[in-house]
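Being a predicted model, the structure only gives us computed values, none of them experimental.
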Amino acid sequence: MSAGYPFRWRAWIAALVLAVGAVATAAPAPVRPAAATAEGNAVTDWNEIAANASVVGRPVGSALVLEGIVQAAIYDATVAIEGGYEPFVAAPTVVRPASTSAAVAAAARGVLVVRVPGQADSVDAEYAAYLAGIPDGPAKTNGIAVGEQVATAILAWRTGDGFDNTVDWVQPPPGPGVFEPVFPPAPVDEKLKQVRPLTLTSNSQFRPDGPNPLTSPEYAADFNELKAYGGAVSARTPAQTEIARFWADNTALQWPRNQRRIALEHNLGLAQTARMLALTPVATAEAILACFDAKYHSLFWRPIHAIPRADTDGNPATVADPNWTPLLYPNLHPNHPEYPGAHGCVTAAVTETLAAFFGTDKVAFSVDSNVTNTTHYYTRFGDAAKEVYDARTWGGLHFRNSTMEGAWIGRKVARYILTNFFAPTQP
């Protein structure tokens with residue numbers, strides 16, 4: 001293994017990759033009160049601890065990147081002891097007997113206290129309590145040693161990755177199509193455009209072509225759909241409003257929480273759980289980095305500015321409404337450039353990797369939301385993705401083309417990772 005780079009794999013899983021279907025207006029999923037999560041294991045427990053620590057005091061995009069890094073450590077610690085899959089970064093020395101639970105805890109804790117220092121005390125308290133529940137003895141001691149080796153390797157791998165850099169915002173000259181912060185003085189997560197990727201050759205590896213020209217009929221069609229269905233006053237149905245709000249939950253908590261449920265409901269073993277919960281967060285982290293590279297490259301205006309200023313866009317098929325505001329403004333409105341849609345990037349990465357993991361898109365599962373306190377039930381991963389694509393328009397946040405371009409990024413990233421990483425070991 002070259003220093004600082006993950007192990008690679010090149011073969012069979014590409015055949016499992018299934019594309020999320022073309023966008024269509026999704027029929028509302030059945031809605032019920034939010035469901036409880038089943039009892040977890042070491043992998044799901046530390047996935048939850050990592051997510052809760054990562055979101056504190058930072059935007060969603062940054063939290064998702066941190067979650068991907070920590071989950072890589074959890075995966076490497078798990079497969080070092082359990083076997084079954086090739087390591088991603090670290091191949092620690094294992095002295096047996098070795099407790100996988102102790103290894104997972106030590107690996108996650110070791111990365112979190114360094115990469116999320118503001119939560120170090122809380123993480124250390126969680127770690128101490130967790131270790132107290134593992135019987136003392138050689139297995140526990142050896143497991144901790146495995147986890148600490150993994151944490152050291154992951155931290156070395158990510159040294160100098162640019163995540164903690166300060167990137168100053170420079171506002172381009174305002175004008176038609178030009179992004180301006182929704183909440184001045186500066187937008188969020190501009191730094192992500194220069195963070196070193198986890199697997200890709202560069203954050204621009206899958207950069208899309210850019211938003212539709214303001215004078216194009218395609219832009220006008222998206223504009224008028226969003227203007228009609230995405231405003232605070234709108235033609236939306238109550239079901240469409242619920243969907244828009246449902247998917248306005250914190251993505252860095254909502255998808256991980258529901259992925260944990262999927263793993264537990266399918267009774268996956270520790271190694272399988274670690275693989276599933278590494279594939280999806282690493283793909284999500286990479287999709288976000290690629291997404292924000294494209295966002296801060298295109299610097300396209302958001303609907304909250306585009307619709308009131310439509311008299312400046314040069315398109316006779318768009319009409320300004322100076323009083324228009326998005327459904328989700330201000331409490332649930334993101335503050336970064338509009339194109340491409342970040343939720344499209346994330347959700348396509350998640351659903352693509354989950355479909356490949358299970359070998360089919362046709363899997364019954366549920367997703368809950370802490371915004372609406374409801375649960376949606378689906379028969380395919382692609383159905384949830386389609387619902388997200390609609391939700392971003394119905395919430396007034398994204399032109400449909402931007403969401404679909406984000407989904408294209410998410411699928412490309414997921415397929416790249418599925419082809420090259422997290423392989424089963426050869427018999």
Side-chain angles (χ1 to χ4, degrees), residues 20-27 174-180 182 187 206-237 240-241 243-245 247-248 291-292 294-329 332-348 382 385-412:
V20 174
V23 67
T25 300
V178 177
F179 170 73
E180 298 173 36
V182 178
F206 299 119
R207 183 186 287 171
D209 293 337
N212 287 325
L214 296 183
T215 55
S216 68
E218 292 81 6
Y219 173 78
D222 280 358
F223 175 101
N224 287 317
E225 179 193 21
L226 191 143
K227 181 182 178 184
Y229 287 93
V233 177
S234 171
R236 279 184 318 274
T237 66
Q240 289 169 335
T241 298
I243 288 170
R245 288 177 49 76
W247 287 107
C291 189
F292 275 75
K295 281 180 177 290
Y296 284 100
H297 177 77
S298 295
L299 291 172
F300 195 59
W301 63 359
R302 298 201 75 102
I304 195 171
H305 294 139
I307 292 175
R309 303 176 190 174
D311 55 349
T312 70
D313 65 19
N315 193 323
T318 65
V319 176
D321 180 352
N323 298 315
W324 188 92
T325 56
L327 168 67
L328 298 179
Y329 180 84
L332 300 173
H333 197 292
N335 188 27
H336 43 69
E338 190 271 341
Y339 174 94
H343 217 316
C345 296
V346 169
T347 295
K386 292 174 186 177
E387 191 175 89
V388 169
Y389 306 153
D390 284 332
R392 304 319 267 177
T393 292
W394 296 340
L397 302 182
H398 285 293
F399 301 111
R400 188 168 292 276
N401 176 66
S402 297
T403 299
M404 300 316 300
E405 293 277 81
W408 177 85
I409 291 173
R411 287 193 296 272
K412 295 290 282 188

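Take Glu405 and apply the side-chain hydrogen bond (donor to acceptor under 3.5 Å, both in side chains) test, not counting sequence neighbours, and it matches Tyr339. Residues satisfying the side-chain hydrogen bond (donor to acceptor under 3.5 Å, both in side chains) criterion with Ser402, sequence neighbours excluded, are Glu338. In this view, Ala244 and Leu327, Trp394 satisfy the side-chain contact (heavy atoms from CB on, under 4.5 Å) rule, not counting sequence neighbours. Partners of Thr241 by side-chain hydrogen bond (donor to acceptor under 3.5 Å, both in side chains), not counting sequence neighbours, listed by chain and number: Arg236. Evaluation of the ring-ring contact (aromatic ring centres under 6.0 Å, His included) rule for Phe179 yields Trp169 as partners, not counting sequence neighbours. With sequence neighbours excluded, no residue forms a side-chain hydrogen bond (donor to acceptor under 3.5 Å, both in side chains) with Ser298. By the side-chain contact (heavy atoms from CB on, under 4.5 Å) test, Asp321 is found to be paired with Lys227, Ile307, Asn323, Trp324, residues two or more places apart in sequence or in another chain being considered. Qualifying ring-ring contact (aromatic ring centres under 6.0 Å, His included) partners for His305, counting only residues two or more places apart in sequence or in other chains: none. In this structure Arg245 satisfies the salt bridge (Lys or Arg N to Asp or Glu O under 4.0 Å) test with no other residue, sequence neighbours excluded.
The shortest heavy-atom contact between Leu226 and Pro303 is CD2-CB, 3.4 Å. A pairwise comparison of heavy atoms in Ala317 and Asn224 identifies O-ND2, 3.0 Å as the closest pair. In this structure, Pro340 and Gly406 approach most closely via the heavy-atom pair CB-N, 3.8 Å. Across Ala306 and Phe223, no two heavy atoms sit closer than the pair O-CE1, 3.7 Å.
Using modelled atom types, one side-chain atom of Asn335 and one backbone atom of Val182 make a donor-acceptor pair closer than 3.5 Å. Side-chain atoms of Thr393 come within 3.5 Å of backbone atoms of His398 as a donor-acceptor pair (strictly under, hydrogens ignored). Side-chain atoms of Asp390 never come within 3.5 Å of backbone atoms of Gln240 as a donor-acceptor pair (strictly under, hydrogens ignored). Looking at Arg392, its side chain never comes within 3.5 Å of a backbone N or O of Ala342 through a donor-acceptor pair.
Both the sub-6.0 Å distance and the 45° axial angle are not jointly satisfied by Lys386 relative to the ring of Tyr389.
Taking the side chain as every heavy atom from C-beta outward, Phe399 and Pro211 never approach each other to under 4.5 Å. Put simply, the side chain of Arg302 reaches to within 4.5 Å of the side chain of His336, judged on heavy atoms.
Rounded to the nearest 0.5 Å, atoms SG (Cys345) and CD1 (Ile409) are 4.0 Å apart. Note that OG1 of Thr318 is 12.0 Å distant from CG of Asp222, once rounded to the nearest 0.5 Å.
A salt bridge (charged side-chain N to carboxylate O under 4.0 Å, His left out) check over residues 207-217, counting only residues at least two apart or in different chains, returns the pairs Arg207-Asp293.
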Using a 3.5 Å cut-off and no angle test, enumerate the donor-acceptor pairs between side-chain atoms of residues 212-221 and protein atoms at least two apart in sequence or in another chain.
from: Ser216; atom 1: OG; to: Pro213; atom 2: O; distance (Å): 2.7
from: Ser216; atom 1: OG; to: Tyr219; atom 2: N; distance (Å): 3.1
from: Tyr219; atom 1: OH; to: Trp301; atom 2: NE1; distance (Å): 3.3

